[in-house]
Amino acid sequence: MSLTIVTKKKFVVAEGASRPALLLDWYDRHRRRLPWRAAAGERADPYRVWLSEIMLQQTGVKTVGPYFAKFLARWPDVAALGRASLDDVLRMWAGLGYYSRARNLHACAVAVLRDHGGIFPDTEEGLRQLPGIGPYTAKAIAAIAFDIRTMPVDGNIERVVSRLYAVEEPLPQTKPLIGELASTLLGPSRAGDSAQALMDLGSSICTPKKPACALCPLNDDCAARSRGDQETFPRKAPKRAGTLRRGAAFIVRRGDELLVRTRAEKGLLGGMTEVPGSAWLAGQDDKMALNQAPELNGVTCWHRKTGVITHVFTHFPLELVIYTADVATRTRAPEGMRWVPIATLADEALPNVMRKAIAHGLDI
DNA sequence: CAGCCGTGGGT
DNA sequence: TACCCAAGGCT
């Protein structure tokens, strides 16, 4: 007994219980063991699911692992995290990137503690209202933690589904269609396992390059594979590269201390610690940048380190020249800046570009 | 809604 | 090497 669903004319989905069942059978045999994932048949902890989903936004499983362990050890439940200071959360997050996630993580924990008695909402709509939880994450938590019948669509699932149906329209325009098609892979139950099965399939079998179609549980029903051009999916609109920006960073030592400041709360590297520096602008030269050095009484001699620091952000590459200076013991920090011991720099909320700049300036 | 928002791994 | 990619959200 197979029923036929017609979606947008072109996509005729021949489906019984077969495809969702094949997927779940495969998952039961090949599921990945991940720290935030419940054992087979056991209920997932919403706090762990949520924490992992936030960390996994645009970030690989391997990268997230140590951060998840650190957070869970220090803050074992959402109430503990809700009582933590934002500064502690930012420090623990340093190095993981996309720092607004850390601010929203903290804000979300506070909201769950204050407005929901420390219990996560168990509906997609309720979850969606919380900071840092968008359409994807709301569906993911609903499905994985509460077994609500909904299908989140991440990058893995976009790839799997666009291949399964040979979707020609490019992303992101075709997101709604892919969402509809992905939902056809939901069976009558085990929504969370279905979603995680597709993610595991995308990360281990239906990979961006050289997918292992021979091992795929859905391989006899894959439109792209039957055409032989599975690697060309998903289609994507071309994105433009950013323009190179240049700037200077100033490494000022006062004995065994370093001069730092805190960046503005919003925008690039929001709320993170940095050494003083020039603006980062396209077409800026070294002299313009040096003119933006901090005012320190007695400092007349900046030493220009040879070489440059390069860093690539999502939307532009950056080149920083490094200037160093040593100042007298009682030199005051300029307005808005402070001295921190070099020995405790590891505990600061320093983004990687600043760690690179400091390492270069201090020869470490 | 398209641009903004990090970083490390894989090829 | 120089790309691409990753369990996206916010404005």
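Order of the sequence lines sets the chain letters (A, B, ...), proteins ahead of strands, with each chain counted from 1.
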Q: If you measure from the P atom in B:dG8 to the same atom in C:dG9, how many Å do you get, rounded?
A: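 These two P atoms come out 22 Å apart once rounded.
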Q: Would you check if there is a donor-acceptor pair between the side chains of A:E319 and A:T310 at a distance under 3.5 Å?
A: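 A:T310 vs A:E319: no donor-acceptor pair found between side chains.
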Q: Please classify the nucleic acid contact of A:P172 as base, sugar-phosphate, or nothing, using heavy-atom distances under 4.0 Å.
A: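 The answer is nothing, as A:P172 stays clear of every strand by at least 4.0 Å.
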Q: Would you mind reading off the distance between A:M199 atom CE and C:dC5 atom C1', rounded to a whole angstrom?
A: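 About 16 Å, once rounded to whole Å.
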Q: Residues of residues 32-51 of chain A with any non-hydrogen atom less than 4.0 angstrom from an atom of DNA chain C: list those, numerically ordered, please.
A: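 DNA chain C contact set from residues 32-51 of chain A: A:R32, A:L34, A:W36, A:R37.
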Q: Checking A:Y67 against A:W93 for the ring pair (Phe, Tyr, Trp, His ring centres under 6.0 Å) test, could you report, in this order, the C-alpha distance in whole Å, the side-chain angles of both residues, the deciding distance, and whether it holds?
A: CA-CA 7 Å; A:Y67 284 87; A:W93 195 278; 7.3 Å; no
Q: Report yes if some heavy atom in the side chain of A:R159 is under 4.5 Å from a heavy atom in the side chain of A:F233; otherwise report no.
A: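 They are not in contact (no side-chain heavy atoms under 4.5 Å apart), so the answer is no.
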Q: May I have the distance from A:Y136 (atom OH) to C:dC10 (atom P), rounded to whole angstrom?
A: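 One finds 14 Å between P of C:dC10 and OH of A:Y136, rounded.
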Q: For the C1' atoms, the ones on B:dC5 and on B:dC1, what distance do you get once it is rounded to whole angstrom?
A: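 About 16 Å, rounded to a whole number of Å.
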Q: Rounded to whole angstrom units, what separation is found between the CD1 atom of A:I178 and the P atom of C:dG8?
A: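 In whole Å, C:dG8 P and A:I178 CD1 are 14 Å from each other.
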Q: Are the aromatic ring centres of A:W36 and A:F68 under 6.0 angstrom apart?
A: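 Yes: the rings meet the under 6.0 Å criterion.
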Q: In whole angstrom, what separates A:L105's CG from C:dG8's P?
A: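 Computing the A:L105:CG to C:dG8:P distance gives 16 Å.
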Q: Of the nucleotides C:dT11, C:dC10, C:dA6, which has the atom closest to the A:R159 side chain?
A: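 The answer is C:dA6, which lies nearest to the side chain.
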Q: How does protein reach along nucleotides 4-11 of chain B, written 5' to 3' as B (base within reach of a heavy atom under 4.0 Å), S (only sugar-phosphate), or - (no contact)?
A: SBBBS---
Q: What nucleic acid atoms does A:S52 come within less than 4.0 Å of, heavy atoms only: base, sugar-phosphate, or nothing?
A: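 Answer is nothing: A:S52 stays at 4.0 Å or more from every strand.
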Q: What pairs of residues pass the side-chain hydrogen bond (donor to acceptor under 3.5 Å, both in side chains) test when at least one of them lies in residues 198-220 of chain A, not counting sequence neighbours?
A: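 Found A:R32-A:D200, A:R32-A:S203, A:R37-A:D200.
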Q: With ring-ring contact (aromatic ring centres under 6.0 Å, His included) as the rule and sequence neighbours excluded, what pairs involving residues 241-269 of chain A come up?
A: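 Applying ring-ring contact (aromatic ring centres under 6.0 Å, His included) to every pair that reaches into residues 241-269 of chain A, excluding sequence neighbours, yields A:F250-A:W302, A:F250-A:Y323.
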Q: Pick the nucleotide of DNA chain C nearest each of A:G132 and A:P208; which residue has the one closer to the 5' end?
A: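 So the residue in question is A:P208.
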Q: Mind checking salt bridge (Lys or Arg N to Asp or Glu O under 4.0 Å) for A:R74 and listing every partner two or more places apart, or none if nothing turns up?
A: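 Residues passing salt bridge (Lys or Arg N to Asp or Glu O under 4.0 Å) with A:R74: A:D88.
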Q: Run the ring-centre check on A:F313 versus A:F316 and record whether the distance is less than 6.0 Å.
A: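 Here the rings of A:F316 and A:F313 have centres that are less than 6.0 Å from each other.
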Q: Rounded to the Å, how far apart are A:E53 CD and C:dG8 C1'?
A: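 One finds 10 Å between C1' of C:dG8 and CD of A:E53, rounded.
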Q: When the distance from CD1 of A:I157 to P of C:dC5 is rounded to whole Å, what number comes out?
A: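 Spelled out: CD1 on A:I157 to P on C:dC5 is 17 Å.
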Q: Mind calculating the distance between CD (A:E158) and C1' (C:dC4) to the nearest angstrom?
A: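 Atom CD in A:E158 sits about 15 Å away from atom C1' in C:dC4.
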Q: Rounding to an integer number of Å, can you tell me how far A:L171 CG sits from C:dC5 C1'?
A: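 It works out to 13 Å between those atoms.
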Q: For A:R163, enumerate each residue passing the side-chain hydrogen bond (donor to acceptor under 3.5 Å, both in side chains) test, keeping only those at least two apart in sequence or located in another chain.
A: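 With sequence neighbours excluded, A:R163 shows a side-chain hydrogen bond (donor to acceptor under 3.5 Å, both in side chains) to no residue whatsoever.
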